[in-house]
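To keep things clear, I will list the structure first and then write my remarks on it.
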Amino acid sequence: MAATMEAASTKSHVGKKGKPPKRYWDNPTEDSENSHVNKKNRQDGESDSIQGNITAVSPNKELVTEKQNKNRQSKTNHISGSKDPFPGEAPIPQERLKKFQRGEKSQVTSGLRSKLKEAIKRSEAESELAQKQAARFDLLLPEDAGFLEGDEDEDTCTISQDDIADAVDITSGAKYFNLHLSQFGPYRLDYSKAGRHLILGGKRGHVTCIEWQSKQLVSEINVMETVNDVKWLHNEDMFAVAQKKWLHIYDSKGVELHCIRKFNDVLSMEFLPYHFLLATASATGFLQYLDVSVGKEVVCINAKLGRLGVMTQNPQNAIIHMGHPNGIVSLWSPNQKEPLVKMLCHQGGVRSVAVDKTGTYMVTSGLDKKLKVYDIRAFKPLQSYFLPAGAACLSLSQRGLLAAATGDIVQVYRDVLGTPVTKPYMAHRVRGGITGLSYCPHEDVLGVGHSDGFTSMIVPGAGEPNFDAMDVNPVGSLKQRREWEVKALLEKIQPELICLDPSQLGRVDHASWEQRHEERVKTLGYDPLAQEKFKPRMRKKGRSSSGAVEKRKKKVAHEDQREVIRKTVEENLGKQKELKKEKATLAAQGQRSALDRFKK
Amino acid sequence: MKVKVLSRNPDDYVRETTRDIHRVPRNYDPTLHPFEVPREYTRALNATKLERVFAKPFVGSLDGHRDGINCMAKHSKSLSILLSGACDGEVKLWNLPKRECFRTVQAHEGFVRGIVTRFCGTSFFTVGDDKTIKQWKMEPPGYGEQEEPLNTILGKAVFTGIDHHQIGETFATCGQTVDIWDEQRTSPIRSFSWGVDSFSCVRYNPVETELLASCASDRSVVLYDMREATPLKKVIMKLRSNTLCWNPMEAYYFTSSNEDYNLYTYDMRYLDNPVTVHMDHVSAVLDVDYSPTGREFVSASFDKSVRIFPKDGGHSREVYHTKRMQHVICVRWSADNKYILSGSDEMNIRMWKANASEKLGVLTPREKTTRDYNQKLREKFQHHPHIRRIARHRHLPHDIYKQRREQREMRDARRRKELNVRKHSKPGSVPVETEKEKHVVTVVE
């Protein structure tokens, strides 16, 4: 941009005769700079995607020949002799900038006060700077995502787990393993948020907690009861187990901490980490929220949609998605006794629901053997696939790989959300029917719980390669984890703030006065602005006869409306008068026709 | 087959030695940080609550006077020295960090009406009810020396206030007239009066150093130019102004404390209307002083409270009171913008923090960043109803609380009556008068 500005300024000084002598501190002339930019333009294939000063080159400057350029360049070198080959800041690709954009830019309209205008401008400039810096920082991220590519004519889905484990390094290879636990299966599983710990819950009561990377057994218990689901709470010290009758909470050593008798017949659970809420769905049709930081039930909702076994959470807005036997998927927040949204997704029951990390897509599978992808911003179906065996479990990885369990086969699909796919990315057969499926966060690992135990399989490209240690730190020390816990508890979001769009809290509330007044009346329980009803004073000496009271009442009746009524009456009278006048003038002019009698 | 699986080298993520700081790898991808706004909101709420928890503004009190404090002055060069004059004619000099009196002077018989330090900080002037102006050395007298003033000027009438020129060797006093004095002479070099019998306060403009403003007992605020023989102009208000103070940064603004419980900020150039009317006190306002940044000022009132107002805000941001503090006569904002000093009827000078929840002492860099971050958060979410309610909540003494409610009712009644009068009179005969227009009677050039 600077180059073009300079060009413009020189153009306006065409009339001047002599140029001032060149000094060493002057900028190099615009010609050489432009030519430089041109060169770069030609070399760069992706110049379109690059934001910045490249497109603004005046056409006549492009005609400058290479020879001229060389001459000029030799004249206008810096004092050090070398020239900066990449002047200015490095350009940032538009797409990457977009990734860090939050919301729309606020507009500076002409009606605003100057103070406000300035404030908006300043804050916009600040957020733009932050966005740019974050985008630049993206370049410095240390790790790259994994991938799997077959040779020519080789399908990646035919590559076996053993081959992959052999091909990669030893530590990564060790991430493929099987646990043969045929006695107490089938198993449900859950990875902790940091991804270091794994909890397995067998249907027949076997609950075990494993540090899976080092394969260390932390604890192993048998609860001597049916186990429906297991879930980690906010850290690796506590987990919840939904048992036959009640909900129990154990610590990582396997000691029972709580038996919560308000939560019965729980079939599945979800933990909302930023709200410290444990959402449970029960066989009796209740959706309950437990605040694990204070140990109190937040809300208990009767969904009135039958047995609730299928649930997942939207990680972006903490809305609970539940699948029902009649093919409906319903969305729930703890603030409303009715579902926020009810979608008819399948003919026949919904078997599994999964929501992706960005909270944009939802994948469902049903008894009609279909797998459907929805956009949950617009609540519209995007893709529909037919799986011959149907998918019992679904799971979406951090980078958008979809794992679907069809019988005893795990199929992993890539790019399933946007574009239609025909072939799976990977497939793996386990030894029994699959009941649990979960990706390990920040790892290329998919955990599969089945009737014969547990299988950890390697799925290259599943996990987010770069974690943010302020959010979740898999390699954090004990002290760091403790501090994180304190901070997280301090920042616990109240359940009242759960809504479909969590960024709404940061926007201006454009509620009208009437709306706000209505809300105020609702919260107060009475209308503070309501006028008191006029009560005539009691007067003595017979002046408070009912007739006199009525008279006095009439004096103040509809006092607030009188002005309006008076005005409208006056207006109407004026209009009538005018009409009469017109008629009169017409009549006076004597232009009355025979048809006028039908006019009003 | 080509395959790559995520495999992190622990050495890249764990610190090398235990003396190192912990490595904190970051990734600013928004999808890894859900609930940005609700989390920030929660932080802002916590910050606001903590601010109220830590709001302990009272630092200490300086006791030693044997009568009510009537006037105070900051030292012009030293932050640690405060001068105060009492109703029994005693002047005390205080060491603020130690909170002790290091010198006592029996300066006058009767009240000490005004006290001011010379710009160089080597001496100070006092005026009293005994019709004298005395100049004192700042240093205490040596061993065996008598406590004596450098100069004593005997005036014709009682002086009620004094102020010194910013750089020159002149000072101004007020009483029955506003007098300009040369330090070397015993008679005033100039005397201003404008049909008024007495003045209560005179202040030099800190920037346009030849300009003066004074409050007169005929409810007017009068402006003077020292170079001219006659006063410039005056604005007459409904009730009397007690004191005034110039804004040190935008020196064309001054704020006057009024008997009608309000403070008025005027633009010197346009006296027809005040720029802002500051309301909140429930009794006459007795003193006002600007912060050195010129963004806020503090006011002392007869209602036993001290309030801090933003310079362009109609209502106070802070109110200070204690059970023991009686009518506050004088107040000063310290030159480092950190403390407020109030002198009151019950012989105590109190020291307050200007920012109630501020942590005193040296802050570590992490404390500083947290403070700044919290401040920004509070600012960002200040309009959310829950946060605003907590941030605005102040405990008030029962008297003030009751009187505020009473006055609000009176104001509403007056407004209602005016509306009714307007409704039932000829259109246009009862004009709408804004709050700013209500209090000015006239401007005389």
Side-chain angles (χ1 to χ4, degrees), chain A residues 99-100 102 134 137-138 141-151 154 156 159 163-164 167-169 171-172 175 274-275 315-318 357-359 442-444 458 460-471 473-477 480 490-494 497 502-506, chain B residues 1-15 18 20-47 49-50 312 366 370 374 376-377 379-389 416 419-420 422-424 427:
Chain A
K99 183 175 149 190
F100 293 96
R102 283 149 172 100
F137 186 81
D138 229 23
L141 292 175
E143 302 279 346
D144 292 324
F147 59 84
L148 176 66
E149 281 171 16
D151 302 330
E154 187 189 24
T156 48
I159 300 170
D163 291 345
I164 294 174
V168 297
D169 56 315
T171 30
S172 302
K175 287 172 185 169
Y274 295 99
H275 302 77
Q316 282 297 312
N317 56 12
K357 186 183 69 164
T358 59
H442 301 293
E443 291 286 348
D444 283 345
I458 301 172
E464 170 65 44
N466 298 293
F467 59 86
D468 190 306
M470 297 297 250
D471 193 48
N473 193 355
V475 293
S477 66
Q480 278 176 312
L490 277 174
E491 282 166 24
K492 184 184 92 166
I493 306 168
Q494 291 303 314
L497 298 180
S503 65
Q504 209 166 22
L505 192 65
Chain B
M1 178 182 71
K2 275 205 286 189
V3 62
K4 180 192 176 282
V5 177
L6 270 184
S7 155
R8 299 193 182 86
N9 186 0
D11 291 347
D12 296 341
Y13 292 92
V14 182
R15 57 181 178 175
T18 46
D20 234 344
I21 53 167
H22 283 289
R23 282 189 182 156
V24 184
R26 298 301 310 267
N27 185 355
Y28 297 105
D29 187 352
T31 55
L32 288 180
H33 302 273
F35 306 106
E36 265 179 345
V37 181
R39 280 164 83 190
E40 270 196 349
Y41 173 78
T42 313
R43 278 180 209 160
L45 188 65
N46 288 342
K49 284 177 182 171
L50 283 181
D312 47 5
R366 282 178 72 177
T370 315
N374 283 345
K376 192 74 196 173
L377 279 178
E379 194 184 309
K380 183 173 172 185
F381 289 94
Q382 63 185 337
H383 298 296
H384 283 252
H386 195 46
I387 289 179
R388 192 177 52 195
R389 188 181 65 80
R416 204 164 49 237
L419 273 177
N420 286 338
R422 190 169 302 126
K423 199 160 76 179
H424 294 290

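Keep in mind it's a predicted model, so treat the numbers as computed, not measured. Letters go in sequence order (proteins before strands), and every chain restarts at 1.
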**Q.** Verdict with supporting geometry, A/Leu505 and B/Glu40, side chain to side chain contact (heavy atoms under 4.5 Å, CB included)
**A.** CA-CA 10 Å; A/Leu505 192 65; B/Glu40 270 196 349; over 6 Å; no

Tell me, side chain or backbone of [X] under 4.5 Å from chain B's heavy atoms, or both, or neither?
X	value
A/Glu491	both
A/Ala318	both
A/Ile159	side chain
A/Pro474	neither
A/Thr358	both
A/Tyr274	side chain
A/Phe147	both
A/Lys175	side chain
A/Glu154	side chain

Q: Could I get the full list of side chain to side chain donor-acceptor pair (under 3.5 Å) partners for A/Lys99, not counting sequence neighbours?
A: A/Asp138

Measure [X] against the heavy atoms of chain A and call it side chain, backbone, both or neither at under 4.5 Å.
X	result
B/Thr31	both
B/His383	neither
B/Arg43	side chain

Q | Pairwise distance CG(B/Asn27) to CG(A/Leu141) - rounded to 0.5 angstrom | A | 5.0 Å

Q. Would A/Lys357 and B/Asp29 count as a side chain to side chain contact (heavy atoms under 4.5 Å, CB included) if you check the C-alpha gap in whole Å, the side-chain angles of each, and the deciding distance to 0.1 Å?
A. CA-CA 12 Å; A/Lys357 186 183 69 164; B/Asp29 187 352; 4.2 Å; yes

Q.
Let's go through B/His22 and A/Ser477 carefully: what are the C-alpha distance in whole Å and the side-chain angles of both, what is the deciding distance for side chain to side chain contact (heavy atoms under 4.5 Å, CB included) to 0.1 Å, and is it a yes or a no?
A. CA-CA 9 Å; B/His22 283 289; A/Ser477 66; 3.6 Å; yes

Q: Sort out for me which of B/Phe35, B/Tyr28, B/Tyr41, B/Phe381 touches chain A most, counting heavy-atom pairs under 4.5 Å.
A: B/Phe35

**Q.** Residues A/Asp471 and B/His33: side-chain donor-acceptor under 3.5 angstrom
**A.** no

**Q.** Residue among A/Leu490, A/Thr171, A/Ile164 with most heavy-atom pairs under 4.5 Å to chain B
**A.** A/Leu490

When the side chains of residues 1-10 of chain B are checked against the rest of the protein, which donor-acceptor pairs come out under 3.5 Å, sequence neighbours left out?
{"unit_1": "B/Lys4", "atom_1": "NZ", "unit_2": "A/Asp144", "atom_2": "O", "d": "2.9"}
{"unit_1": "B/Ser7", "atom_1": "OG", "unit_2": "A/Asp169", "atom_2": "OD2", "d": "3.2"}
{"unit_1": "B/Arg8", "atom_1": "NE", "unit_2": "A/Pro465", "atom_2": "O", "d": "3.3"}
{"unit_1": "B/Arg8", "atom_1": "NH1", "unit_2": "A/His442", "atom_2": "O", "d": "3.0"}
{"unit_1": "B/Arg8", "atom_1": "NH2", "unit_2": "A/His442", "atom_2": "O", "d": "3.0"}
{"unit_1": "B/Arg8", "atom_1": "NH2", "unit_2": "A/Glu464", "atom_2": "O", "d": "3.4"}
{"unit_1": "B/Arg8", "atom_1": "NH2", "unit_2": "A/Pro465", "atom_2": "O", "d": "2.8"}
{"unit_1": "B/Asn9", "atom_1": "OD1", "unit_2": "B/Asp11", "atom_2": "N", "d": "3.3"}

